[in-house]
Amino acid sequence: MPFTSNCLEGKVILITGGLGAIGRVVVSRLLAHGARVAVNDVVPEKSAEAAMQEAGWPQDRCRYVRADITQASEAQAAVAKAREYFGRLNIVLCHAGMAHSCPIVDYPESEWERIMAVNLKSAFLVAQAAARAMIEQGVKGKIVFTSSWVQDTPWPDITPYNVTKSGMKMLMRGMARELAAKGIRVNSIAPGIVAVGMAKRQWDTEPDYRRRAEKAIPLGFMQPPESVADAFLFLCSDASDYMTGTTLLVDGGCSLYPMD
Ligand SMILES: NC(=O)c1ccc[n+]([C@@H]2O[C@H](COP(=O)([O-])OP(=O)(O)OC[C@H]3O[C@@H](n4cnc5c(N)ncnc54)[C@H](O)[C@@H]3O)[C@@H](O)[C@H]2O)c1
């Protein structure tokens, strides 16, 4: 069975936005299964080191890579650092993201540009740099994008966010098509309404959002971040080797019907 405690042994994984709420749970899961993990985020080194220590991540298998991946040079440097630390790169998880809640008629142009850069451009830059590294090293690696159930569902007040995740879907499918001949698999994970991170912030601060969200999860409860980590474990493991160009939807049924 592929999900033993050492099933990711020998795999070097770079995750962007790895110090976010979901990212931390994912990193812990990958480390628990033997991976070596380069954790990218934008937070300063000092607070990153403190967070990593608090999480109990082993220093010999986990390194912090500070980079603002909306900048091409920094995205490329993040990939180069992961290779430098651990010798190669097997898997990249394009996970960093943001959300900004605002009706589309009021949505400012500057916020549109920011969310396109953080969610979509950065994913392209990091995935491209990782693909180049894999090709150069002859690694039949994996690229995983963190999308969302809203990639196919117009969930209100975050329309530009939905657009970034829809764009990510085609980026994923296009890269899967182009890179298959090199043995590189490209897939997405689409979580639902997770009980930590950006959805939880909206849940706690926006009564309208909460009213809608409470009715929108067929399974009836917010998504445990551990279920997202399980999906990552599957996509990082050899069990997913015959999968490319598709979305692993783990959303408690949210996408079954667009409920308000
Ligand atoms: N929380 C949810 O319900 C939910 C649902 C579906 C998908 N997602 C996706 O999961 C991912 C993580 O979301 P989260 O809820 O944990 O959010 P979060 O805000 O807790 O984490 C996002 C992380 O990305 C980092 N980041 C932002 N800009 C960056 C940049 N330019 N360079 C490097 N790092 C950067 C942030 O510092 C933060 O640590 C996102 O892609 C999000 O769209 C979240």
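Order of listing sets the numbers, starting from 1, for every ligand and every atom in it. This is a predicted model, so every value here is computed, not measured.
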>> Which option wins on minimum heavy-atom distance to atom 1 (N) of ligand 1: Val196, Thr164, Val25?
In response: Val196
Closer than 4.0 angstrom, basic N to acidic O: yes or no for [X] and [Y]?
X      : Y      : answer
Glu136 : Arg83  : yes
Lys46  : Glu49  : no
Arg212 : Asp157 : yes
Glu206 : Arg210 : no
Lys11  : Asp238 : yes
Asp152 : Lys169 : yes

>> With a 4.5 Å cut-off on side-chain heavy-atom distances among I, L, V, M, F, W and Y, is there a chain of contacts connecting Val25 to Phe234?
In response: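 Different hydrophobic clusters.
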> Is Ile15 linked to Tyr64 within one hydrophobic cluster, defined over Ile, Leu, Val, Met, Phe, Trp and Tyr using a side-chain heavy-atom separation of less than 4.5 Å?
Replying inline: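 Hydrophobic grouping puts Ile15 with Tyr64.
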In the protein, which heavy atom is nearest to [atom], and how far is it?
atom                    : answer
atom 30 (C) of ligand 1 : Val42 CG1, 3.6 Å
atom 22 (C) of ligand 1 : Gly97 O, 3.5 Å
atom 10 (O) of ligand 1 : Thr146 CG2, 3.4 Å
atom 21 (O) of ligand 1 : Gly20 CA, 3.3 Å
atom 17 (O) of ligand 1 : Met198 CE, 3.6 Å
atom 11 (C) of ligand 1 : His95 O, 3.2 Å
atom 24 (O) of ligand 1 : Gly17 CA, 3.5 Å

Ignoring angles and geometry beyond distance, decide whether [X] reaches within less than 3.5 Å of ligand 1 through its nitrogen or oxygen atoms.
X      : value
Val194 : yes
Ile22  : yes
Ser148 : no
Ile193 : no
Ile69  : yes
Ala21  : yes
Val118 : no

What atoms in ligand 1 come closer than 4.0 Å to a heavy atom of [X]?
X      : answer
Pro191 : 6 (C), 7 (C)
Leu19  : 39 (O)
Asp68  : 30 (C), 31 (N), 32 (N)
Thr70  : 31 (N)
Tyr161 : 7 (C), 8 (N), 9 (C), 42 (C), 43 (O)

Would you call [X] a ligand 1 contact, heavy-atom distance under 4.0 Å?
X      : value
Gly192 : yes
Lys165 : yes
Arg201 : yes
Asp41  : yes

Taking all heavy atoms of [X] and all of [Y], pick out the closest pair and write down the distance.
X      : Y      : value
Ala67  : Ala78  : CB-CB, 4.1 Å
Gly97  : Asn119 : CA-OD1, 3.2 Å
Gln71  : Leu125 : C-CD1, 3.9 Å
Pro108 : Cys102 : CD-SG, 4.3 Å

>> Within the structure provided, determine whether Tyr107 and Ile115 are in side-chain contact (heavy-atom separation under 4.5 Å).
In response: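 They are in contact (side-chain heavy atoms under 4.5 Å apart), so the answer is yes.
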> Considering only heavy atoms from C-beta outward, does the side chain of Glu214 approach that of Trp203 to under 4.5 Å?
Replying inline: yes
Please classify the [X] to ligand 1 contact at 4.0 Å (heavy-atom distances, strictly less than): side chain, backbone, both or neither.
X      : value
Ser147 : backbone
Trp149 : neither
Gln151 : neither
Met98  : neither
Ala67  : backbone

> Checking ring pair (Phe, Tyr, Trp, His ring centres under 6.0 Å) for the pair Phe145/His95: CA distance, chi angles, key distance, verdict?
Replying inline: CA-CA 6 Å; Phe145 294 103; His95 180 72; over 10 Å; no
> Does one side chain, of Arg88 or Asn90, offer a donor that lies under 3.5 Å from an acceptor on the other?
Replying inline: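 Per modelled atom types, Arg88 and Asn90 side chains form a pair under 3.5 Å.
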>> Testing the 3.5 Å rule here: is there a donor-acceptor pair between the side chains of Ser240 and Lys142?
In response: yes
